[in-house]
Amino acid sequence: MHLGRVPPRVAKAGRQTIAFLWRGWSVLVSLCLLAAVWQAGHEVYGTLVLPAPMETLAALARLVERGVAGPAALATARDALGGFALASLVGILVGSVGGLSVTAGRLIEPLVRVFLGIPAIAWVVLALIWFAGSGMAAVFTVVVTTLPVVVIGAMQGARTLDADLGDMARAFRAPLRVRLVDLYLPHMLSYVFPALATAMGLSWKLAVMAQVLGGTAGIGEGLALARVNVDTAQAMAWIVLALVMLLSLEGLVMDPLRRRLEPWRAPRSRRDAGGGP
Amino acid sequence: MTVMPGHRPTAASDSPGAPPLAWRGVSFLAGGRAILEDLTLEVPAGGVLALVGPSGCGKTTLLNLAAGLLRPSAGQVAVTARRVASMFQDARLLPWRRARQNAAFGLRCLGVPRHARLDAAQALLESLGLAAEDGDKFPHQLSGGMRQRVALARALAIEPDLLLLDEPFSALDAVLRRDLQDLVRAAVAERAVTTVFVTHDLFEAARVSDRIAVMAGGPGRVAHVAGPGATTLQDHDDDAVMARVRALRAHPAVAAAFRAGRPEARP
Ligand SMILES: Nc1ncnc2c1ncn2[C@@H]1O[C@H](COP(=O)(O)OP(=O)(O)OP(=O)(O)O)[C@@H](O)[C@H]1O
Ligand SMILES: [Mg+2]
(Lines give C-alpha, C1' and ligand atoms only; values in the text may rest on other atoms or scores of the structure.)
(Ligands and ions follow the chains in the order given, each with its own letter.)
Protein backbone atom coordinates (compact mmCIF):
# COMPACT_ATOMS: atom_id res chain seq x y z
CA MET A 1 0.00 0.00 0.00
CA HIS A 2 1.19 3.50 -0.76
CA LEU A 3 -0.27 5.16 2.30
CA GLY A 4 2.60 7.63 2.19
CA ARG A 5 0.95 9.38 -0.74
CA VAL A 6 -2.37 9.82 1.00
CA PRO A 7 -2.62 13.01 3.09
CA PRO A 8 -2.47 12.04 6.78
CA ARG A 9 -5.89 13.54 7.53
CA VAL A 10 -7.58 11.52 4.80
CA ALA A 11 -5.74 8.38 5.85
CA LYS A 12 -6.85 8.91 9.43
CA ALA A 13 -10.49 9.47 8.44
CA GLY A 14 -10.32 6.33 6.30
CA ARG A 15 -8.91 4.26 9.14
CA GLN A 16 -11.61 5.54 11.47
CA THR A 17 -14.38 4.69 9.01
CA ILE A 18 -13.04 1.18 8.55
CA ALA A 19 -12.73 0.75 12.31
CA PHE A 20 -16.33 1.97 12.74
CA LEU A 21 -17.65 -0.41 10.08
CA TRP A 22 -15.70 -3.27 11.60
CA ARG A 23 -17.18 -2.56 15.03
CA GLY A 24 -20.67 -2.27 13.52
CA TRP A 25 -20.21 -5.53 11.67
CA SER A 26 -19.10 -7.50 14.72
CA VAL A 27 -21.97 -6.04 16.77
CA LEU A 28 -24.41 -7.08 14.06
CA VAL A 29 -23.05 -10.63 13.98
CA SER A 30 -23.30 -11.10 17.74
CA LEU A 31 -26.84 -9.64 17.79
CA CYS A 32 -27.85 -12.10 15.04
CA LEU A 33 -26.42 -14.94 17.10
CA LEU A 34 -28.45 -13.82 20.10
CA ALA A 35 -31.60 -13.60 17.97
CA ALA A 36 -30.97 -17.11 16.65
CA VAL A 37 -30.64 -18.57 20.16
CA TRP A 38 -33.74 -16.62 21.20
CA GLN A 39 -35.68 -18.00 18.24
CA ALA A 40 -34.54 -21.53 19.08
CA GLY A 41 -35.69 -21.08 22.67
CA HIS A 42 -39.03 -19.86 21.40
CA GLU A 43 -39.44 -22.95 19.24
CA VAL A 44 -38.66 -25.25 22.16
CA TYR A 45 -40.71 -23.56 24.91
CA GLY A 46 -43.52 -21.81 23.02
CA THR A 47 -44.87 -18.27 22.95
CA LEU A 48 -46.05 -18.10 26.54
CA VAL A 49 -42.56 -18.62 27.96
CA LEU A 50 -40.49 -17.00 25.21
CA PRO A 51 -42.18 -15.16 22.35
CA ALA A 52 -40.26 -15.05 19.07
CA PRO A 53 -38.03 -12.04 18.36
CA MET A 54 -40.40 -10.89 15.61
CA GLU A 55 -43.42 -11.13 17.92
CA THR A 56 -41.56 -9.04 20.46
CA LEU A 57 -40.78 -6.40 17.86
CA ALA A 58 -44.43 -6.38 16.80
CA ALA A 59 -45.48 -5.88 20.44
CA LEU A 60 -43.02 -3.01 20.69
CA ALA A 61 -44.43 -1.46 17.53
CA ARG A 62 -47.94 -1.67 19.02
CA LEU A 63 -46.73 0.05 22.19
CA VAL A 64 -45.24 2.84 20.11
CA GLU A 65 -48.43 3.18 18.04
CA ARG A 66 -50.61 3.40 21.15
CA GLY A 67 -48.39 6.22 22.35
CA VAL A 68 -47.33 4.55 25.61
CA ALA A 69 -43.75 3.67 24.74
CA GLY A 70 -42.58 7.26 24.21
CA PRO A 71 -43.75 8.77 27.52
CA ALA A 72 -42.62 5.67 29.45
CA ALA A 73 -39.17 5.84 27.90
CA LEU A 74 -38.96 9.54 28.74
CA ALA A 75 -40.02 8.95 32.33
CA THR A 76 -37.40 6.24 32.80
CA ALA A 77 -34.73 8.40 31.15
CA ARG A 78 -35.65 11.26 33.47
CA ASP A 79 -35.38 9.10 36.58
CA ALA A 80 -32.18 7.38 35.49
CA LEU A 81 -30.34 10.40 34.11
CA GLY A 82 -31.61 12.81 36.78
CA GLY A 83 -30.41 10.49 39.52
CA PHE A 84 -27.18 9.83 37.65
CA ALA A 85 -26.47 13.55 37.23
CA LEU A 86 -27.13 14.26 40.90
CA ALA A 87 -25.00 11.31 42.04
CA SER A 88 -22.16 12.39 39.72
CA LEU A 89 -22.15 15.94 40.98
CA VAL A 90 -22.29 15.06 44.66
CA GLY A 91 -20.01 12.04 44.22
CA ILE A 92 -17.25 14.01 42.50
CA LEU A 93 -17.37 16.72 45.16
CA VAL A 94 -17.41 14.32 48.10
CA GLY A 95 -14.81 12.02 46.54
CA SER A 96 -12.44 14.89 45.77
CA VAL A 97 -12.63 16.12 49.35
CA GLY A 98 -12.11 12.55 50.59
CA GLY A 99 -9.10 12.09 48.36
CA LEU A 100 -7.45 15.41 49.20
CA SER A 101 -7.96 15.32 52.96
CA VAL A 102 -6.74 12.25 54.78
CA THR A 103 -9.18 12.82 57.65
CA ALA A 104 -12.17 13.21 55.37
CA GLY A 105 -11.00 10.15 53.45
CA ARG A 106 -10.93 8.07 56.62
CA LEU A 107 -14.47 9.16 57.45
CA ILE A 108 -15.85 8.61 53.98
CA GLU A 109 -14.30 5.25 53.19
CA PRO A 110 -16.25 3.12 55.73
CA LEU A 111 -19.45 4.90 54.70
CA VAL A 112 -18.79 4.07 51.08
CA ARG A 113 -18.22 0.43 51.98
CA VAL A 114 -21.46 0.28 53.97
CA PHE A 115 -23.46 1.87 51.16
CA LEU A 116 -21.90 -0.41 48.57
CA GLY A 117 -22.79 -3.42 50.69
CA ILE A 118 -26.50 -2.61 50.96
CA PRO A 119 -28.39 -4.52 48.26
CA ALA A 120 -30.05 -2.26 45.72
CA ILE A 121 -33.41 -3.92 46.32
CA ALA A 122 -33.27 -2.85 49.97
CA TRP A 123 -32.99 0.74 48.85
CA VAL A 124 -35.98 0.28 46.58
CA VAL A 125 -38.06 -0.97 49.50
CA LEU A 126 -36.93 1.91 51.73
CA ALA A 127 -37.54 4.42 48.95
CA LEU A 128 -41.07 3.11 48.46
CA ILE A 129 -41.77 3.55 52.17
CA TRP A 130 -40.18 7.00 52.38
CA PHE A 131 -41.29 8.46 49.07
CA ALA A 132 -44.59 6.63 48.51
CA GLY A 133 -46.63 8.41 45.89
CA SER A 134 -44.23 11.29 45.36
CA GLY A 135 -42.63 9.69 42.29
CA MET A 136 -39.18 10.29 43.79
CA ALA A 137 -38.54 6.67 44.74
CA ALA A 138 -36.73 5.80 41.50
CA VAL A 139 -34.50 8.88 41.53
CA PHE A 140 -33.65 8.29 45.17
CA THR A 141 -32.72 4.66 44.54
CA VAL A 142 -30.53 5.63 41.62
CA VAL A 143 -28.74 8.33 43.61
CA VAL A 144 -27.93 6.24 46.68
CA THR A 145 -26.74 3.22 44.73
CA THR A 146 -24.58 5.02 42.17
CA LEU A 147 -23.16 7.60 44.58
CA PRO A 148 -20.60 5.29 46.24
CA VAL A 149 -19.33 4.17 42.84
CA VAL A 150 -18.63 7.75 41.79
CA VAL A 151 -17.20 8.65 45.20
CA ILE A 152 -14.66 5.83 44.99
CA GLY A 153 -13.54 6.90 41.50
CA ALA A 154 -13.18 10.55 42.48
CA MET A 155 -11.41 9.66 45.70
CA GLN A 156 -8.85 7.55 43.89
CA GLY A 157 -8.38 10.32 41.34
CA ALA A 158 -7.80 12.99 43.98
CA ARG A 159 -5.49 10.69 45.95
CA THR A 160 -3.24 9.97 43.02
CA LEU A 161 -2.76 13.57 41.88
CA ASP A 162 0.89 13.72 40.87
CA ALA A 163 2.85 15.93 43.26
CA ASP A 164 5.78 16.10 40.80
CA LEU A 165 3.56 17.48 38.06
CA GLY A 166 2.13 19.92 40.59
CA ASP A 167 5.67 21.09 41.40
CA MET A 168 6.39 21.47 37.71
CA ALA A 169 3.30 23.63 37.28
CA ARG A 170 4.27 25.76 40.28
CA ALA A 171 7.82 26.15 38.94
CA PHE A 172 6.30 27.59 35.76
CA ARG A 173 4.03 29.85 37.84
CA ALA A 174 0.93 28.25 36.37
CA PRO A 175 -2.20 30.24 37.21
CA LEU A 176 -4.99 28.36 38.97
CA ARG A 177 -7.07 28.16 35.79
CA VAL A 178 -4.24 26.47 33.88
CA ARG A 179 -3.60 24.09 36.73
CA LEU A 180 -7.26 23.12 36.83
CA VAL A 181 -7.65 22.63 33.08
CA ASP A 182 -4.27 21.09 32.28
CA LEU A 183 -3.49 19.17 35.43
CA TYR A 184 -6.29 18.33 37.83
CA LEU A 185 -9.19 17.94 35.41
CA PRO A 186 -7.56 15.47 32.97
CA HIS A 187 -6.18 13.44 35.82
CA MET A 188 -9.49 13.31 37.69
CA LEU A 189 -11.34 12.53 34.49
CA SER A 190 -9.18 9.48 33.87
CA TYR A 191 -10.37 8.06 37.18
CA VAL A 192 -13.89 9.44 37.32
CA PHE A 193 -14.94 8.63 33.78
CA PRO A 194 -14.85 4.83 34.15
CA ALA A 195 -16.81 5.22 37.39
CA LEU A 196 -19.35 7.40 35.62
CA ALA A 197 -19.73 4.85 32.84
CA THR A 198 -20.45 2.16 35.41
CA ALA A 199 -22.85 4.42 37.29
CA MET A 200 -24.65 5.23 34.05
CA GLY A 201 -25.43 1.57 33.31
CA LEU A 202 -26.38 0.99 36.93
CA SER A 203 -28.72 3.99 37.07
CA TRP A 204 -30.72 2.74 34.10
CA LYS A 205 -31.31 -0.71 35.59
CA LEU A 206 -32.16 0.68 39.01
CA ALA A 207 -34.66 3.18 37.64
CA VAL A 208 -36.50 0.35 35.87
CA MET A 209 -36.39 -1.81 39.00
CA ALA A 210 -37.78 0.91 41.23
CA GLN A 211 -40.53 1.60 38.72
CA VAL A 212 -41.53 -2.06 38.56
CA LEU A 213 -41.85 -2.31 42.33
CA GLY A 214 -43.24 1.14 42.93
CA GLY A 215 -45.56 1.24 39.96
CA THR A 216 -44.39 4.74 39.11
CA ALA A 217 -44.57 5.92 35.49
CA GLY A 218 -41.95 4.54 33.12
CA ILE A 219 -40.73 1.40 31.44
CA GLY A 220 -40.87 -0.39 34.79
CA GLU A 221 -44.56 0.35 35.13
CA GLY A 222 -45.12 -1.12 31.67
CA LEU A 223 -43.20 -4.23 32.72
CA ALA A 224 -45.31 -4.58 35.86
CA LEU A 225 -48.50 -4.28 33.79
CA ALA A 226 -47.27 -6.88 31.30
CA ARG A 227 -46.65 -9.23 34.21
CA VAL A 228 -50.16 -8.75 35.56
CA ASN A 229 -51.58 -9.48 32.09
CA VAL A 230 -49.15 -12.39 31.60
CA ASP A 231 -48.26 -10.77 28.26
CA THR A 232 -44.73 -12.09 27.76
CA ALA A 233 -44.32 -10.46 24.35
CA GLN A 234 -45.09 -7.06 25.85
CA ALA A 235 -42.69 -7.66 28.76
CA MET A 236 -39.96 -8.56 26.28
CA ALA A 237 -40.83 -5.46 24.26
CA TRP A 238 -40.29 -3.23 27.30
CA ILE A 239 -36.99 -4.97 28.01
CA VAL A 240 -35.87 -4.43 24.44
CA LEU A 241 -36.84 -0.76 24.68
CA ALA A 242 -34.85 -0.24 27.88
CA LEU A 243 -31.89 -2.07 26.40
CA VAL A 244 -31.90 -0.12 23.15
CA MET A 245 -31.98 3.17 25.05
CA LEU A 246 -29.11 2.25 27.36
CA LEU A 247 -27.00 0.79 24.57
CA SER A 248 -27.50 3.78 22.30
CA LEU A 249 -26.55 6.11 25.13
CA GLU A 250 -23.37 4.10 25.66
CA GLY A 251 -22.61 3.76 21.97
CA LEU A 252 -23.44 7.30 20.94
CA VAL A 253 -22.29 9.28 23.98
CA MET A 254 -20.02 7.33 26.33
CA ASP A 255 -17.90 5.45 23.79
CA PRO A 256 -17.06 8.50 21.64
CA LEU A 257 -16.24 10.39 24.85
CA ARG A 258 -14.02 7.55 26.00
CA ARG A 259 -12.22 7.48 22.66
CA ARG A 260 -11.62 11.21 22.96
CA LEU A 261 -10.25 10.87 26.48
CA GLU A 262 -8.14 7.78 26.00
CA PRO A 263 -5.46 8.34 23.33
CA TRP A 264 -2.83 9.62 25.76
CA ARG A 265 -2.89 6.35 27.69
CA ALA A 266 0.04 4.04 27.13
CA PRO A 267 -0.90 0.55 26.03
CA ARG A 268 -0.43 -1.72 29.09
CA SER A 269 3.28 -2.23 29.66
CA ARG A 270 4.39 1.36 29.00
CA ARG A 271 1.96 2.84 31.52
CA ASP A 272 4.77 4.18 33.70
CA ALA A 273 6.30 6.26 30.92
CA GLY A 274 5.89 10.01 31.17
CA GLY A 275 4.31 10.03 34.61
CA GLY A 276 0.64 10.04 35.53
CA PRO A 277 -1.65 7.08 35.88
CA MET B 1 13.10 41.38 41.29
CA THR B 2 11.42 38.57 43.15
CA VAL B 3 12.41 37.23 46.48
CA MET B 4 11.02 33.95 47.63
CA PRO B 5 7.87 34.39 49.66
CA GLY B 6 8.46 35.02 53.30
CA HIS B 7 11.77 36.73 52.71
CA ARG B 8 12.19 40.44 52.40
CA PRO B 9 14.44 41.74 49.66
CA THR B 10 17.71 43.23 50.83
CA ALA B 11 19.50 46.27 49.49
CA ALA B 12 22.31 44.13 48.15
CA SER B 13 20.05 42.07 45.91
CA ASP B 14 18.38 45.22 44.55
CA SER B 15 21.57 46.81 43.31
CA PRO B 16 22.15 46.72 39.54
CA GLY B 17 25.11 44.36 39.75
CA ALA B 18 23.16 41.79 41.76
CA PRO B 19 23.55 38.20 40.57
CA PRO B 20 20.47 36.56 39.02
CA LEU B 21 20.39 34.05 41.84
CA ALA B 22 22.01 33.87 45.24
CA TRP B 23 21.57 31.70 48.31
CA ARG B 24 22.69 33.65 51.37
CA GLY B 25 23.17 31.86 54.66
CA VAL B 26 20.45 29.42 53.70
CA SER B 27 19.48 26.61 56.03
CA PHE B 28 16.78 24.09 55.37
CA LEU B 29 15.29 21.71 57.87
CA ALA B 30 13.13 18.74 56.97
CA GLY B 31 11.80 16.23 59.44
CA GLY B 32 13.87 17.78 62.23
CA ARG B 33 17.10 17.22 60.27
CA ALA B 34 19.28 19.91 58.71
CA ILE B 35 19.44 19.24 54.97
CA LEU B 36 21.29 22.47 54.22
CA GLU B 37 23.20 24.55 56.73
CA ASP B 38 24.24 28.17 56.35
CA LEU B 39 24.88 27.77 52.65
CA THR B 40 25.99 30.78 50.66
CA LEU B 41 26.46 30.67 46.91
CA GLU B 42 26.07 33.29 44.22
CA VAL B 43 25.29 32.46 40.62
CA PRO B 44 26.89 35.14 38.46
CA ALA B 45 25.09 36.31 35.32
CA GLY B 46 25.84 34.35 32.15
CA GLY B 47 27.34 30.94 31.64
CA VAL B 48 26.69 27.59 33.18
CA LEU B 49 27.33 26.88 36.83
CA ALA B 50 27.47 23.20 37.63
CA LEU B 51 26.45 22.13 41.09
CA VAL B 52 28.14 18.81 41.83
CA GLY B 53 27.93 16.71 44.88
CA PRO B 54 27.34 13.18 46.10
CA SER B 55 23.82 11.78 46.08
CA GLY B 56 21.66 13.06 48.91
CA CYS B 57 23.77 16.12 49.71
CA GLY B 58 20.87 18.48 49.06
CA LYS B 59 21.29 19.61 45.45
CA THR B 60 17.64 19.13 44.56
CA THR B 61 16.61 20.92 47.72
CA LEU B 62 18.82 23.84 46.78
CA LEU B 63 17.26 24.09 43.32
CA ASN B 64 13.74 23.75 44.71
CA LEU B 65 14.48 26.69 46.95
CA ALA B 66 15.57 28.70 43.92
CA ALA B 67 12.48 27.66 41.96
CA GLY B 68 10.26 28.80 44.79
CA LEU B 69 8.98 25.30 45.52
CA LEU B 70 10.43 25.35 49.03
CA ARG B 71 11.10 28.09 51.57
CA PRO B 72 14.35 28.25 53.49
CA SER B 73 14.17 27.70 57.24
CA ALA B 74 16.70 30.49 57.64
CA GLY B 75 18.62 32.80 55.35
CA GLN B 76 17.58 34.23 52.06
CA VAL B 77 17.14 33.07 48.50
CA ALA B 78 17.44 36.12 46.27
CA VAL B 79 16.24 35.76 42.70
CA THR B 80 16.70 38.87 40.58
CA ALA B 81 16.12 37.00 37.32
CA ARG B 82 12.81 38.00 35.77
CA ARG B 83 11.89 34.63 34.41
CA VAL B 84 12.97 31.29 35.82
CA ALA B 85 12.53 27.97 34.04
CA SER B 86 13.15 24.51 35.45
CA MET B 87 13.93 21.10 34.10
CA PHE B 88 13.75 18.04 36.30
CA GLN B 89 15.41 14.64 36.48
CA ASP B 90 12.28 13.04 35.01
CA ALA B 91 10.68 14.97 32.17
CA ARG B 92 7.46 15.71 34.11
CA LEU B 93 5.40 16.10 30.97
CA LEU B 94 1.62 16.11 31.16
CA PRO B 95 0.75 12.59 29.95
CA TRP B 96 -2.57 13.76 28.46
CA ARG B 97 -1.03 16.53 26.34
CA ARG B 98 0.86 16.18 23.09
CA ALA B 99 4.57 17.01 22.91
CA ARG B 100 3.82 20.37 21.30
CA GLN B 101 1.30 21.32 23.97
CA ASN B 102 3.72 20.22 26.66
CA ALA B 103 6.49 22.35 25.20
CA ALA B 104 4.04 25.26 25.10
CA PHE B 105 2.99 24.83 28.73
CA GLY B 106 5.21 27.62 30.07
CA LEU B 107 3.95 29.98 27.39
CA ARG B 108 0.38 29.04 28.28
CA CYS B 109 1.13 30.00 31.87
CA LEU B 110 2.28 33.38 30.58
CA GLY B 111 -0.96 33.86 28.67
CA VAL B 112 0.48 33.61 25.14
CA PRO B 113 -2.36 32.98 22.64
CA ARG B 114 -2.89 29.41 21.51
CA HIS B 115 -1.64 29.60 17.93
CA ALA B 116 1.40 31.68 18.74
CA ARG B 117 2.51 29.41 21.57
CA LEU B 118 1.95 26.15 19.69
CA ASP B 119 3.85 27.43 16.65
CA ALA B 120 6.72 28.62 18.83
CA ALA B 121 6.78 25.29 20.68
CA GLN B 122 6.79 23.28 17.46
CA ALA B 123 9.66 25.34 16.02
CA LEU B 124 11.63 24.90 19.23
CA LEU B 125 11.03 21.14 19.30
CA GLU B 126 12.33 20.84 15.76
CA SER B 127 15.37 22.98 16.56
CA LEU B 128 16.13 20.60 19.45
CA GLY B 129 16.28 17.60 17.15
CA LEU B 130 12.74 16.24 17.16
CA ALA B 131 11.01 15.33 13.92
CA ALA B 132 8.08 17.49 12.84
CA GLU B 133 5.54 14.73 13.49
CA ASP B 134 6.87 14.12 17.01
CA GLY B 135 5.09 17.30 18.07
CA ASP B 136 1.80 15.42 17.70
CA LYS B 137 2.83 12.52 19.90
CA PHE B 138 1.86 11.91 23.50
CA PRO B 139 4.67 11.52 26.06
CA HIS B 140 4.22 7.75 26.25
CA GLN B 141 4.96 7.55 22.52
CA LEU B 142 8.34 9.26 22.96
CA SER B 143 11.65 7.81 24.10
CA GLY B 144 13.31 9.02 27.29
CA GLY B 145 15.71 11.24 25.37
CA MET B 146 12.89 12.73 23.32
CA ARG B 147 10.90 13.45 26.46
CA GLN B 148 13.84 15.33 27.94
CA ARG B 149 14.10 17.33 24.71
CA VAL B 150 10.45 18.28 25.09
CA ALA B 151 11.11 19.28 28.70
CA LEU B 152 14.08 21.36 27.53
CA ALA B 153 11.90 23.00 24.89
CA ARG B 154 9.28 23.78 27.52
CA ALA B 155 11.94 25.48 29.65
CA LEU B 156 13.55 27.41 26.78
CA ALA B 157 10.21 28.46 25.27
CA ILE B 158 9.52 31.07 27.92
CA GLU B 159 12.89 32.71 27.14
CA PRO B 160 14.10 32.47 30.73
CA ASP B 161 16.99 34.46 32.05
CA LEU B 162 17.65 31.79 34.64
CA LEU B 163 17.53 28.10 33.82
CA LEU B 164 17.55 25.48 36.60
CA LEU B 165 18.45 21.96 35.48
CA ASP B 166 18.27 19.14 38.03
CA GLU B 167 20.21 16.12 36.78
CA PRO B 168 18.27 16.34 33.52
CA PHE B 169 20.09 13.51 31.77
CA SER B 170 21.01 11.10 34.56
CA ALA B 171 18.40 8.57 33.43
CA LEU B 172 19.78 8.41 29.88
CA ASP B 173 22.50 6.25 28.41
CA ALA B 174 26.00 7.64 27.88
CA VAL B 175 25.81 8.42 24.16
CA LEU B 176 22.45 10.15 24.36
CA ARG B 177 23.66 11.99 27.39
CA ARG B 178 26.61 13.49 25.51
CA ASP B 179 24.33 14.61 22.68
CA LEU B 180 21.99 16.31 25.09
CA GLN B 181 24.82 17.88 27.07
CA ASP B 182 26.09 19.44 23.85
CA LEU B 183 22.56 20.49 22.97
CA VAL B 184 22.09 22.22 26.30
CA ARG B 185 25.45 23.95 26.03
CA ALA B 186 24.66 25.22 22.55
CA ALA B 187 21.12 26.31 23.46
CA VAL B 188 22.29 28.07 26.58
CA ALA B 189 25.24 29.77 24.90
CA GLU B 190 23.06 30.95 22.02
CA ARG B 191 20.56 32.55 24.38
CA ALA B 192 23.11 33.73 26.95
CA VAL B 193 20.88 32.45 29.73
CA THR B 194 22.33 31.97 33.19
CA THR B 195 22.16 28.26 33.96
CA VAL B 196 22.51 26.13 37.04
CA PHE B 197 23.19 22.52 36.11
CA VAL B 198 22.91 20.03 38.95
CA THR B 199 24.64 16.68 38.60
CA HIS B 200 26.41 14.13 40.75
CA ASP B 201 28.80 13.34 37.92
CA LEU B 202 32.03 15.38 37.87
CA PHE B 203 32.58 14.54 34.20
CA GLU B 204 29.21 15.88 33.22
CA ALA B 205 29.86 18.99 35.28
CA ALA B 206 33.22 19.56 33.61
CA ARG B 207 31.73 19.02 30.18
CA VAL B 208 28.84 21.44 30.36
CA SER B 209 29.88 24.14 32.76
CA ASP B 210 31.98 27.25 33.02
CA ARG B 211 32.07 27.21 36.80
CA ILE B 212 31.77 24.32 39.18
CA ALA B 213 30.52 24.45 42.74
CA VAL B 214 31.15 21.26 44.68
CA MET B 215 28.74 20.44 47.47
CA ALA B 216 29.34 18.18 50.43
CA GLY B 217 26.60 16.49 52.37
CA GLY B 218 25.53 16.03 55.96
CA PRO B 219 24.32 18.83 56.19
CA GLY B 220 24.64 20.24 52.69
CA ARG B 221 27.16 23.02 52.17
CA VAL B 222 29.44 24.34 49.46
CA ALA B 223 32.83 22.65 49.75
CA HIS B 224 34.66 24.22 46.85
CA VAL B 225 34.04 26.60 43.94
CA ALA B 226 36.14 26.28 40.81
CA GLY B 227 35.96 29.45 38.76
CA PRO B 228 36.05 29.61 35.00
CA GLY B 229 39.87 29.78 35.13
CA ALA B 230 41.50 29.10 31.81
CA THR B 231 38.55 27.18 30.44
CA THR B 232 36.58 29.01 27.80
CA LEU B 233 33.40 28.02 26.03
CA GLN B 234 35.46 26.23 23.39
CA ASP B 235 37.38 24.29 25.99
CA HIS B 236 35.04 21.34 26.24
CA ASP B 237 36.82 18.67 24.26
CA ASP B 238 37.56 15.42 26.06
CA ASP B 239 41.15 16.24 27.02
CA ALA B 240 40.21 19.55 28.58
CA VAL B 241 37.35 17.87 30.45
CA MET B 242 39.66 15.14 31.77
CA ALA B 243 42.16 17.75 32.88
CA ARG B 244 39.44 19.67 34.68
CA VAL B 245 38.15 16.61 36.44
CA ARG B 246 41.66 15.58 37.49
CA ALA B 247 42.37 19.03 38.86
CA LEU B 248 39.09 19.01 40.78
CA ARG B 249 39.65 15.55 42.20
CA ALA B 250 43.06 16.60 43.42
CA HIS B 251 41.48 19.30 45.56
CA PRO B 252 41.22 17.99 49.14
CA ALA B 253 37.75 19.47 49.79
CA VAL B 254 36.35 17.86 46.65
CA ALA B 255 37.95 14.51 47.40
CA ALA B 256 36.52 14.62 50.93
CA ALA B 257 33.05 15.54 49.69
CA PHE B 258 32.92 12.57 47.35
CA ARG B 259 34.55 10.15 49.78
CA ALA B 260 31.89 10.95 52.37
CA GLY B 261 29.09 10.41 49.92
CA ARG B 262 28.49 7.29 47.88
CA PRO B 263 31.07 7.02 45.07
CA GLU B 264 28.58 7.85 42.33
CA ALA B 265 30.97 9.72 40.08
CA ARG B 266 33.34 7.70 37.95
CA PRO B 267 36.73 7.05 39.63
N1 LIG C 1 10.70 16.46 52.34
C2 LIG C 1 11.76 15.88 52.92
N3 LIG C 1 11.66 15.42 54.17
C4 LIG C 1 12.71 14.84 54.79
N5 LIG C 1 13.91 14.69 54.22
C6 LIG C 1 14.07 15.11 52.97
C7 LIG C 1 13.01 15.74 52.25
N8 LIG C 1 13.46 16.06 51.03
C9 LIG C 1 14.73 15.65 50.99
N10 LIG C 1 15.12 15.09 52.14
C11 LIG C 1 16.46 14.58 52.46
O12 LIG C 1 17.32 15.62 52.17
C13 LIG C 1 18.54 15.14 51.65
C14 LIG C 1 18.89 15.87 50.40
O15 LIG C 1 17.94 15.56 49.40
P16 LIG C 1 18.11 16.07 47.91
O17 LIG C 1 17.03 15.45 47.11
O18 LIG C 1 18.18 17.54 47.91
O19 LIG C 1 19.51 15.44 47.52
P20 LIG C 1 20.27 15.45 46.12
O21 LIG C 1 21.59 16.04 46.35
O22 LIG C 1 19.42 16.07 45.09
O23 LIG C 1 20.43 13.90 45.83
P24 LIG C 1 20.42 13.13 44.43
O25 LIG C 1 21.74 13.38 43.77
O26 LIG C 1 20.29 11.69 44.82
O27 LIG C 1 19.26 13.63 43.66
C28 LIG C 1 18.37 13.65 51.48
O29 LIG C 1 19.07 13.00 52.50
C30 LIG C 1 16.89 13.42 51.62
O31 LIG C 1 16.67 12.19 52.26
MG1 LIG D 1 18.36 15.32 43.36
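For the numbers below, each heavy atom of this structure counts, side chains included, while hydrogens, waters and symmetry mates do not. The sequence lines fix the lettering, A, B, ..., with proteins before strands; numbering per chain opens at 1.
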Could you look at I158(B) and say if it's the side chain, the backbone, both or neither that has a heavy atom under 4.5 Å from chain A?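 Side chain of I158(B) only, per the 4.5 Å heavy-atom cut-off to chain A.
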
Go through the atoms of R83(B) and report whether side chain, backbone, both or neither lie under 4.5 Å from a heavy atom of chain A.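 When you check distances to chain A, no heavy atom of R83(B) falls under 4.5 Å.
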
Considering all heavy atoms of both residues, which atom of [X] and which atom of [Y] are nearest to each other, and what is their separation?
X	Y	value
R173(A)	C109(B)	O-CB, 4.1 Å
F105(B)	A174(A)	CZ-CB, 4.0 Å
G106(B)	F172(A)	CA-CD2, 3.8 Å

Side chain from CB out, backbone as N, CA, C, O: work out which of these in L183(A) comes under 4.5 Å of a heavy atom of chain B, or both, or neither.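 For L183(A), backbone and side chain are both near chain B.
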
If you measure from CZ on R92(B) to CG on D162(A), what distance do you get to the nearest 0.5 Å?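 Separation between the atoms: 8.0 Å.
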
What's the spacing between L70(B) CG and R170(A) CZ if we round to 0.5 Å?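 Result: 7.5 Å between the selected atoms.
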
Mark yes when over 12 heavy atoms from residues, nucleotides or ligands other than [X] sit less than 6.0 Å from its [atom1]; otherwise mark no.
X	atom1	value
E159(B)	CD	no
R114(B)	CZ	no
K205(A)	NZ	no
R113(A)	CZ	no

Close side-chain approach of [X] to [Y], heavy-atom, < 4.5 Å:
X	Y	result
M168(A)	F88(B)	yes
H187(A)	P95(B)	no
R108(B)	V181(A)	yes

Donor-acceptor pair, distance only, cut-off 3.5 Å: does the side chain of W96(B) make one with the backbone of L261(A)?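 Checking the backbone N and O of L261(A) against the side chain of W96(B), no donor-acceptor pair under 3.5 Å is found.
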
Taking D167(A), D164(A), V178(A) one by one, which has the highest count of heavy-atom pairs under 4.5 Å against chain B?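 The candidate making the most pairs under 4.5 Å is D164(A).
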
